[in-house]
K.L.:
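Take a look at the following structure, please.
The figures that follow rest on heavy atoms only: side chains count, while hydrogens, waters and symmetry mates do not.
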Amino acid sequence: MFFFLFAKPLPPCHDSMESMQVFKQHCQIAEEYREVKKEIALLEERKKELIAKLDQAEKEKLDAAQLAREFEALTEENRTLKLAQSQCVEQLEKLRIQYQKRQGSS
């Protein structure tokens with residue numbers, strides 16, 4: 001059956017009604033086949049587009065996850081640095097007081 005879809009139809013025998021019907025049927029099937037092939041090509045193109053969008057979405061999702069991890073790490077680093085700064089300020093204040101006591105006792 002597939003062979004005649006690809007083959008060019010033989011001209012019908014005009015004296016035979018059956019030959020004319022077969023020829024007409026073959027032409028209709030060939031047209032339907034071309035339409036289906038066209039639709040398949042469009043669907044394959046759409047599939048490629050959707051795969052590309054999916055790949056992009058997955059990449060953006062990974063990028064967002066990476067940014068979230070970096071944000072968490074930087075937030076933790078910021079908290080640690082603020083704590084260290086606070087401790088340094090306390091230590092500096094203690095040293096000032098000690099220095100002032102020494103200056104007062106001299």
Side-chain angles (χ1 to χ4, degrees):
M1 178 172 183
F2 288 108
F3 173 73
F4 80 87
L5 288 176
F6 298 112
K8 216 174 187 181
L10 294 174
C13 177
H14 294 288
D15 297 339
S16 167
M17 186 61 95
E18 183 181 2
S19 176
M20 296 291 286
Q21 286 177 328
V22 169
F23 178 78
K24 185 176 179 180
Q25 191 176 35
H26 182 101
C27 289
Q28 288 173 339
I29 291 171
E31 182 59 33
E32 289 174 15
Y33 177 78
R34 282 190 292 274
E35 289 298 318
V36 168
K37 289 289 281 181
K38 190 186 329 179
E39 191 172 336
I40 288 171
L42 291 172
L43 290 172
E44 286 176 347
E45 187 62 33
R46 180 70 176 141
K47 177 183 170 185
K48 287 178 190 176
E49 291 171 6
L50 291 173
I51 287 172
K53 283 184 179 182
L54 180 61
D55 289 344
Q56 182 64 30
E58 287 175 355
K59 181 183 180 300
E60 289 172 1
K61 182 179 174 184
L62 291 175
D63 290 346
Q66 176 65 27
L67 289 173
R69 286 190 297 274
E70 288 178 20
F71 177 79
E72 290 299 322
L74 290 172
T75 300
E76 180 60 26
E77 183 180 356
N78 190 29
R79 188 189 66 75
T80 302
L81 290 172
K82 283 182 178 181
L83 180 63
Q85 182 212 17
S86 175
Q87 291 170 344
C88 288
V89 167
E90 285 178 27
Q91 189 177 10
L92 179 61
E93 189 58 31
K94 288 177 185 176
L95 289 172
R96 265 194 205 130
I97 293 170
Q98 286 178 357
Y99 179 74
Q100 286 175 352
K101 286 182 182 177
R102 284 187 187 159
Q103 289 292 36
S105 65
S106 307

K.L.:
Within the structure provided, determine whether Glu45 and Leu42 are in side-chain contact (heavy-atom separation under 4.5 Å).
P.N.:
no
K.L.:
Looking at Glu32, Lys38, Glu39, which one forms a side chain to side chain contact (heavy atoms under 4.5 Å, CB included) with Glu35?
P.N.:
Lys38
K.L.:
Check salt bridge (charged side-chain N to carboxylate O under 4.0 Å, His left out) between Glu72 and all other residues, then give those that pass, not counting sequence neighbours.
P.N.:
none
K.L.:
Could you please spell out the steps behind the side-chain contact (heavy atoms from CB on, under 4.5 Å) verdict for Ile40 and Val36?
P.N.:
CA-CA 6 Å; Ile40 288 171; Val36 168; 3.8 Å; yes
K.L.:
More than 12 heavy atoms of other residues, nucleotides or ligands under 6.0 Å from CD of Gln91: yes or no?
P.N.:
no
K.L.:
Tell me, which pairs form a salt bridge (charged side-chain N to carboxylate O under 4.0 Å, His left out) where one or both residues lie in residues 53-62, sequence neighbours left out?
P.N.:
Lys59-Asp63
K.L.:
Under 3.5 Å, is there a donor-acceptor pair linking the side chains of Glu70 and Gln66?
P.N.:
yes
K.L.:
Is the side chain of Thr80 donor-acceptor paired with the backbone N or O of Glu76 at a distance under 3.5 Å, no angle test?
P.N.:
yes
K.L.:
Give a yes or no on whether Gln28 atom CD has more than 12 heavy-atom contacts from other residues, nucleotides or ligands under 6.0 Å away.
P.N.:
yes
K.L.:
Considering non-hydrogen atoms only, spot the tightest contact between Met20 and Cys13 and give its length.
P.N.:
CG-O, 4.0 Å
K.L.:
Starting at CG of Leu81, measure out to OG of Ser86 and round the result to the nearest 0.5 Å.
P.N.:
12.5 Å
K.L.:
Could you tell me if the side chain of Glu31 sits less than 4.5 Å from the side chain of Arg34, heavy atoms only?
P.N.:
yes
K.L.:
Starting from the C-alpha separation in whole Å, work towards a yes-or-no answer on side-chain contact (heavy atoms from CB on, under 4.5 Å) for Arg96 and Glu93.
P.N.:
CA-CA 5 Å; Arg96 265 194 205 130; Glu93 189 58 31; 3.4 Å; yes
K.L.:
Mind checking the CZ-CD spacing from Arg102 to Gln98? Nearest 0.5 Å is all I need.
P.N.:
6.0 Å
K.L.:
Quick one: do Phe23 and Cys27 satisfy side-chain contact (heavy atoms from CB on, under 4.5 Å)? Show the steps, please.
P.N.:
CA-CA 6 Å; Phe23 178 78; Cys27 289; 3.7 Å; yes
K.L.:
I'd like to check Leu95 versus Tyr99 (side-chain heavy atoms, cut-off strictly below 4.5 Å). Are they in contact?
P.N.:
no
